[in-house]
Number of protein chains: 2
Amino acid sequence: MIPPAETLPKDSSAPKKGVRQTEQRKAVFEALMAKADHPNAVDVFMRVKSRMPSISLATVYNCLETLTNAGLVRTVNHDREPSRYCANLTEHAHLFCTNCNSITDLPLQNPMLPEQVWNLPPGITIARQEVAFQGLCAQCSTPDPASGSAPSAPLS
Amino acid sequence: MIPPAETLPKDSSAPKKGVRQTEQRKAVFEALMAKADHPNAVDVFMRVKSRMPSISLATVYNCLETLTNAGLVRTVNHDREPSRYCANLTEHAHLFCTNCNSITDLPLQNPMLPEQVWNLPPGITIARQEVAFQGLCAQCSTPDPASGSAPSAPLS
DNA sequence: TCCTTATCAAGAATTATTCCAATTAAGGGA
DNA sequence: TCCCTTAATTGGAATAATTCTTGATAAGGA
């Protein structure tokens, strides 16, 4: 369920009455909530389409943008790969696994201001911070011996 | 001048003899060294073309990729904007100014270890860390009163 | 219920980047 | 120095993620 409009963050560019609740938006949002695996737009499209066959990819893009603008969804970009989406709104960093291409959310230990963590030059204004790691997720770091194989070659 | 091959980081996928020194690669590298303003591929193309009119955009892309693979250049991505390039190899974060679209390098003089700031689950392997901020650069944070105007509207 | 207006769907368009094939040139060896 | 092998360069075509366009549809307030 998409949170009601009154609870949404407001800004001058947002529609006065909040996000209009359409079946498509609900389905897209629920698809993101159902599996927190950072799907891209096509992934979301396929998941939603299995339940709502008439939905179009353009609509999925529209819904994802609307939800992102409303602050309900985060867009996650890595290099020039297709954007991926995440309904985890808590402050967290991302680990991009170079082996299996997964994204892991890494929660912040204790809320800290950027100025406390980084040695920032004076005079700048920081609105948002984004931290990304590259490496191996837990699964790829310690492959299951029973599976009989080392991590496969990284996706290039 | 591109550093000689012997000084380049080596890895199994790199050509044995290092990076072949072509006029185009030198020109692209020098364009990046000349102005540390994080140009994108088309910016670099235009700068180099003014001096070497025969160069093609495809070659600029090739050179940028070669230099990046050789570890001489860093690729900087922000959302889905065109990739930008940076010859500053010191460890630093980036500030993306939402007003003037500039990128500022922020040296991380006392970077905290990821484990101190992030709640890292056991078993993962971290190879690289990337920190990005969004906000206002020093110029846009404190506009020159003589210029007679507040920061203009952010590029959408 | 009706009306206004935002949203949807399908396909076309856009754009950053990569691919392709023919030509050119780097740089090691004779 | 000249030659030869091999990789790099070019220009144009191709690709792919995303956005745009237009007419049809539906949300939600009156």
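First the proteins, then the strands, lettered A, B, ... as listed; each starts at 1. What you are looking at is a predicted structure, and each value in this text was computed from that prediction instead of being measured.
Straight-line distance from the CZ atom of Arg84(A) to the P atom of dT18(D): 12 Å, rounded to whole Å. For the pair Leu64(B) CG and dT18(C) C1', the computed distance is 14 Å after rounding to whole Å. In this structure, Phe45(B) atom CZ and dG11(D) atom C1' are separated by 10 Å, rounded to whole Å. As rounded to whole Å, 17 Å separates atom P of dT25(D) from atom CD of Glu23(A). If you take CG of Asn77(A) and P of dA17(D), they are 13 Å apart, rounded to a whole angstrom. The separation between Arg20(A) atom CZ and dA27(D) atom C1' is 5 Å, rounded to whole Å. Atom CZ in Arg25(B) sits roughly 11 Å away from atom P in dA26(C) (whole-Å rounding). We find that CD of Glu65(A) is positioned 13 Å from C1' of dT7(C), with the value rounded to whole Å.
Residues from residues 52-63 of chain A that place a heavy atom under 4.0 Å from any atom of DNA chain C, listed by number: Ser54(A), Ile55(A), Ser56(A), Ala58(A), Thr59(A), Cys63(A).
Looking at every heavy atom in both residues, Ala87(B) comes nearest to Met33(B) through CB-SD, 3.6 Å. When all heavy atoms of Phe45(A) and Ile55(A) are compared, the closest pair comes out as CE1-O, 3.3 Å. Nearest heavy atom pair, residue Arg51(A) against residue Ala27(A), reads NH2-CA, 3.6 Å. Scanning all heavy atoms of the two residues, the minimum distance from His38(A) to Arg84(A) falls at O-NE, 2.7 Å.
Between Ser83(A) and dT18(D) there is a side-chain N or O to OP1 or OP2 distance below 4.0 Å. In terms of phosphate contacts, Arg80(B) brings no side-chain nitrogen or oxygen within less than 4.0 Å of OP1 or OP2 of dA16(C).
Listed nucleotides: dG28(D), dT17(C), dC8(C). Nearest to the side chain of Thr22(A): dC8(C).
Looking only at side-chain heavy atoms (C-beta outward), Ile103(A) and Val76(A) come within less than 4.5 Å of each other.
Ser83(B) and Thr75(B) share no side-chain donor-acceptor pair at under 3.5 Å.
Residues Phe96(A) and Tyr85(A) are members of separate hydrophobic clusters, defined by side-chain heavy-atom contacts under 4.5 angstrom among Ile, Leu, Val, Met, Phe, Trp and Tyr.
Across the interface with DNA chain C, nearest-nucleotide mapping of Gln24(B) and Thr66(A) shows Thr66(A) to be the residue nearer the 5′ end.
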